[in-house]
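The next block holds one structure in the form of structure tokens; read it before the comments.
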Amino acid sequence: MSQSTFDDDDLFGEAAAETRAEVESHLEAARAELPDPDAVWETEADNVLGMLNGLKSALDAGDAADHLRQAKKAYVLGERADAFEDADDLEAAIDDVADLIADLEDAAEDVADLTGTVPAIRGALQDAAADDADDADDASDADDADDAAETSTEADDAAEAEEAEE
């Protein structure tokens, strides 16, 4: 029967390995929560607003930020305890996932702004087109009134000319 060792160095080594595994596990879970690249790129929308809403949904990182937070907590604990022999790879992986999540959040915010702006622009363009149509109708009505006034003036002139001849 083998005897378990409770030597501090052995226990510390086990704890360090477990902490590293925890960081890696949370990073893997964070990556798994990131959106599918095709979902961000492809769309099946009928219009721009539908496309923007679909893109906004596709840019959702889900629980990736929560998993990243757990990975950072375990990493900080291990780093402060000087538990990692070489933690550069963990730090780089954490930074990469953090940057990607930040990019997704920034893009989702930009899309949300466009989701509000595009319908407003469309409405303004529709109003402008309606105003142009109203202006064209008003101009047409004014031209009709001018034509009617000219016809009336010509008729009056002709009537006066007839009276003068008599």
Side-chain angles (χ1 to χ4, degrees), residues 21-80 87-166:
E22 182 181 356
V23 172
E24 290 171 346
S25 172
H26 283 296
L27 284 172
E28 185 178 320
R31 286 186 198 104
E33 287 292 322
L34 295 173
D36 182 292
D38 289 339
V40 173
W41 189 252
E42 296 173 2
T43 187
E44 304 226 356
D46 293 332
N47 57 45
V48 172
L49 186 59
M51 183 275 307
L52 289 171
N53 284 327
L55 179 57
K56 184 178 171 195
S57 295
L59 291 170
D60 182 13
D63 291 335
D66 292 337
H67 290 293
L68 178 63
R69 179 175 172 74
Q70 294 301 319
K72 282 183 176 183
K73 284 177 17 181
Y75 174 80
V76 167
L77 180 65
E79 187 66 21
R80 288 195 180 160
D88 292 342
D89 63 327
L90 291 177
E91 185 177 15
I94 287 170
D95 290 343
D96 289 347
V97 173
D99 289 345
L100 187 52
I101 291 171
D103 288 346
L104 287 167
E105 289 171 348
D106 289 345
E109 188 175 311
D110 291 344
V111 170
D113 289 345
L114 283 173
T115 301
T117 303
V118 169
I121 289 172
R122 180 177 185 234
L125 290 170
Q126 287 174 329
D127 290 346
D131 289 345
D132 284 347
D134 289 345
D135 290 347
D137 287 344
D138 291 346
S140 176
D141 291 345
D143 287 345
D144 291 346
D146 287 345
D147 291 344
E150 285 178 26
T151 304
S152 176
T153 303
E154 289 172 2
D156 290 344
D157 290 344
E160 286 178 16
E162 280 182 31
E163 288 179 12
E165 286 178 12
E166 291 177 2

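Not one N or O on the side chain of Asp63 forms a donor-acceptor pair closer than 3.5 Å with the backbone of Asp66. At least one donor-acceptor pair under 3.5 Å links the side chain of Thr117 to the backbone N or O of Asp113.
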Test log, rule side-chain contact (heavy atoms from CB on, under 4.5 Å), inputs Leu114 and Val48
CA-CA 10 Å; Leu114 283 173; Val48 172; over 6 Å; no
Residue pair His26, Leu68: steps toward the side-chain contact (heavy atoms from CB on, under 4.5 Å) verdict:
CA-CA 6 Å; His26 283 296; Leu68 178 63; over 6 Å; no
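The structure places CD of Gln70 at 11.5 Å from CG of Leu27, a figure rounded to the nearest 0.5 Å. Atom-to-atom distance recorded for Lys72:NZ and Leu77:CG is 15.5 Å, nearest 0.5 angstrom. Once rounded to the nearest 0.5 Å, the distance linking CD of Glu42 with CE of Met51 reads 14.0 Å. The distance from atom CG of Asn47 to atom CZ of Arg122, rounded to the nearest 0.5 Å, is 8.0 Å. Here Asn53 contributes atom CG and Thr43 contributes atom OG1; the two are 10.0 Å apart, rounded to the nearest 0.5 Å. Remark: Asp106 CG to Ile101 CD1 distance equals 12.0 Å, nearest 0.5 Å.
Within 6.0 Å of CD in Gln126 there are more than 12 heavy atoms belonging to other residues, nucleotides or ligands. Annotation: Asp46, atom CG; neighbour count of heavy atoms from other residues, nucleotides and ligands within 6.0 Å does not exceed 12.
Across every non-hydrogen atom of Val40 and Leu55, the tightest pair is O-CD1, 3.4 Å. Heavy atoms only, all atoms of each residue included: Pro35 and Leu104 are closest at CD-CD1, 3.6 Å. What you find for Ala30 and Ala64 is that their closest heavy atoms are O-CB, 3.4 Å. Minimum interatomic distance between Leu52 and Thr115 (heavy atoms only, all atoms of both residues): CB-OG1, 3.6 Å. Scanning both residues, Pro119 and Leu49, for their nearest heavy atoms gives CG-CD1, 3.9 Å. Shortest non-hydrogen contact noted between Lys56 and Ala108 is CG-O, 4.5 Å.
Residues passing the salt bridge (charged side-chain N to carboxylate O under 4.0 Å, His left out) test with Glu24, sequence neighbours excluded: Arg20.
Within the structure, every pair that satisfies the ring pair (Phe, Tyr, Trp, His ring centres under 6.0 Å) test and touches residues 28-79, not counting sequence neighbours, is listed here: Tyr75-Phe84.
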